[in-house]
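Note on naming: letters A, B, ... go to the chains in the order of the sequence lines (proteins, then strands), and numbering restarts at 1 for each one.
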Amino acid sequence: MLRHPEYEGKPLGVQQKSIVVTSNYLAREYGIKKCMSVQEALRLCPELVLVNGEDLTSYRLYSTKVFEILQQFTPLVERLGFDDYFLEIKSVEKQLKSQNDSEFDMNNLHTDEELKESDSKIFGPSDEECPCDCHTRLMIGAKIAAGIRNRIYEELHLTCSAGIAHNKLLAKLAGSLNKPNQQTLVFPCSGPMLLSAIGSISKIPGVGQKTMELLLSNNIKTVDDVRKIPLENLELKIGVDLARRLKDNAEGIDETVVKPSGKKQSIGLEDGFKSVSLVAEVESRLGALLRRLTELAMEDGRIPIAMRITVRKHDMNKPTSGKRETRQCALPKHLLPSTKTGMYDHNKMLILAMKLFHRIVDVSKPFHLTLLGVAFTKFEERSYGRSSITSFLRKQVAVHSVLDISSEEGIAEVNLGSPMSINQDSNDSSDQSATNLMNTSASSLSCSPISKLSNVASSQNIEDDLQNEVEPLPKKTKLEVWLSGRRESPSNEMAGLRLSPSSPMQVSPSVDTAVFKTLPIERRDVTRSWPTTSKPKPNNILKYFIANK
DNA sequence: CGGGGATTAT
DNA sequence: ATAATCC
């Protein structure tokens, strides 16, 4: 909608191939669902406007911007896809409370104007006494959420919904209740009721199609089904781990912690299509993907260590559910981005990608693919200073690189002449220009993957060749394993105590001071009441399920 | 019949 | 390293 203000007020869908992957809420009023076919969507809403969303660049950009805003409130931000986040705000709440304690009466939280403007709801009863001060603290959490949502709207003009709760499960479920552009608070005592309200177990985060099939085969469908069956019984049917987790979840219990998301662990691109049956077209498409991928890798700034390619083979039985096969190998040092130019050698990258491809697909037999993908995994920080450890490692790479090139003469020269990559990518327009580039560079290339393959095939042993050039990844040292394992569960409390360079003197430096001040506790309007409690309601259970009635 | 990602198991 | 599962 931000990209196409001209469609304001119209039902709008985002199309990828023949799928409407998502839509605005106006379109949803017509019954359009996520991942519905274009056909069906247009049948429900003939005036539906569709925009192509196969290129995720702008979504990735906005996702990063949202993430950066969230990180100004707390470093404890866990990313769930492009538009979904968990924030651990215990330390923010504590600081907010202590900072305002002397001048502030917590009872006024019930009556806050900012919360009213943020379309705050409460799921379940809010008038119960709680031995702990969880009610007060969660109300502060709701204020923080309202402040965050305001910031996101002011800076990005994005609306969003939020759920506020004492654990991730309830927060996620609550966030789904009142959409769009609203937020929902659920107190711990209302957890079981919320879980009852969702009904199907498939709504529990982490329970997808496969788990649901397993449960259904045991006649378990609803949260109440899980509650009824004894734990020992359930463990035998679906395994101890899943059984225990679902038993907890059914009561609104979830002890998993917010795991701060660091840098990406992989950067990849995929393209799906009806069918590709020619090696030349595979090469063309992988080349196009690789060129875009190296751009993304340059933006990231780190050096990729390994390459993985993904293939989905056509499956006559289930057209869409064809499983993916992947092959992965270390990037030989000689095709890391050159230390001098910082550029990738696309030709050699493509040769390596085609080698991986041939490890999946036996091209001596007919094949047809419906998806190709390529990704970089495992990254190393790029060095700057001359004395840094990574700089040292890079220099070693540079030395090896010379040696490797010399051992690579088989692909350094050889022929042109091979009749490949004469395909005209008429199918989808997305990589048209990239394809043209590909053909240009291929003709100036001294070698093609196909000619290379025939070299390999004529040598005695393909396995030998792969041994030499499709290197296994270096194993982690014991120290590295230990280091990566031990940072597994420092509590978030501890993480919140890390010193921030910008405000070293602060008591709780995890909260940015400037940002913090954008979250004023309103002390006026003391007579206002919490939205859902503004009118006294009969003690009718229906009210707990109908928002703000 | 999507395009990213992540985590977990083996 | 690879597959399976999930969002």
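- Candidate nucleotides B:dA6, B:dG3, B:dG2 were compared by shortest atom distance to the side chain of A:Q265, and B:dA6 ranks first.
- None of A:L173, A:I204, A:N249 except one satisfies the side chain to side chain contact (heavy atoms under 4.5 Å, CB included) rule with A:D254; the exception is A:N249.
- Comparing B:dG2, B:dT7, B:dG3 against the side chain of A:K259 picks out B:dT7 as the nearest.
- If you measure from atom CD of A:E54 to atom P of B:dG4, you get 10 Å, rounded to the nearest angstrom.
- Looking at heavy-atom distances under 4.0 Å, A:T211 makes contact with sugar-phosphate atoms alone, never a base.
- Of the candidates C:dA3, C:dC7, C:dA4, the closest approach to any side-chain atom of A:K323 belongs to C:dA4.
- A straight line from CE of A:M307 to C1' of C:dT2 spans 17 Å, rounded to a whole angstrom.
- Among the protein residues, A:T326 comes within range of the sugar-phosphate backbone only, with heavy atoms under 4.0 Å from sugar or phosphate atoms but none that close to a base.
- The C1' atoms of B:dG2 and C:dC6 are separated by 15 Å, rounded to the nearest whole Å.
- Comparing atom distances between the A:K264 side chain and each of B:dG4, C:dT2, B:dA6 picks out B:dA6 as nearest.
- Within the nucleic acid shown, A:I204 comes within 4.0 Å of sugar-phosphate atoms alone, with no base atom in reach, counting heavy atoms only.
- Here C:dT2 is the nucleotide among C:dT2, C:dA1, B:dG2 with the atom lying nearest to any side-chain atom of A:R308.
- Looking at the side chain of A:K210, the nearest of the listed nucleotides C:dT2, C:dT5, B:dG3 is C:dT5.
- Separating the CZ atom of A:R324 from the P atom of C:dT2 is a distance of 16 Å, rounded to the nearest angstrom.
- Residue whose closest nucleotide on DNA chain B sits further toward the 5' end, between A:L269 and A:D241: A:L269.
- For the pair A:L371 CG and B:dG2 C1', the interatomic distance rounds to 9 Å; values are reported in whole Å.
- Within 4.0 Å of A:Q15, counting heavy atoms only, lies no atom of the nucleic acid at all.
- Proximity of A:S266 to the phosphate of B:dA6: a side-chain N or O atom is located under 4.0 Å from OP1 or OP2.
- Salt bridge present: A:E54 and A:K17 bring a charged side-chain N and a carboxylate O closer than 4.0 Å.
- Of the candidate nucleotides C:dT2, C:dC6, B:dG5, C:dT2 has the atom nearest to the side chain of A:R359.
- Checking A:V311, A:L278, A:V361 one by one against A:F367, the side chain to side chain contact (heavy atoms under 4.5 Å, CB included) holds for a single residue, A:V361.
- Here the straight-line distance linking atom OG of A:S63 with atom CD of A:E68 works out to 10.0 Å at 0.5 Å rounding.
- A:E270 pairs with exactly one of A:R308, A:R324, A:R292, A:R312 by the salt bridge (charged side-chain N to carboxylate O under 4.0 Å, His left out) rule, that one being A:R324.
- Classification of A:D84 and A:K172 as a salt-bridged pair holds, one side-chain N sitting under 4.0 Å from a carboxylate O.
- Phosphate proximity of B:dG5 to A:R60: present, with a side-chain N or O under 4.0 Å from OP1 or OP2.
- Of the residues near DNA chain B, A:D55 and A:K263, the one whose nearest nucleotide (by heavy atom distance) lies more toward the 5' end is A:D55.
- Comparing atom distances between the A:Q16 side chain and each of B:dG3, B:dC1, C:dT2 picks out B:dG3 as nearest.
- A:L169 places its CG atom 12 Å from the P atom of C:dC7, with the value rounded to the nearest Å.
- Distances were taken from every side-chain heavy atom of A:I267 (C-beta onward) to each of B:dG4, B:dG2, B:dG5; the shortest belongs to B:dG5.
- In this entry the distance linking CG of A:L56 with C1' of B:dG4 reads 6 Å, nearest Å.
- When heavy atoms are screened at a 4.0 angstrom cut-off, A:R327 is found touching the sugar-phosphate backbone but no base atom.
- A salt bridge does not link A:R227 with A:D225: none of the charged nitrogens is closer than 4.0 Å to a carboxylate oxygen.
- In this structure, CG of A:L214 is placed 16 Å from P of C:dA4, rounded to the nearest angstrom.
- B:dA6 atom P lies 10 Å from atom CZ of A:F82, rounded to whole Å.
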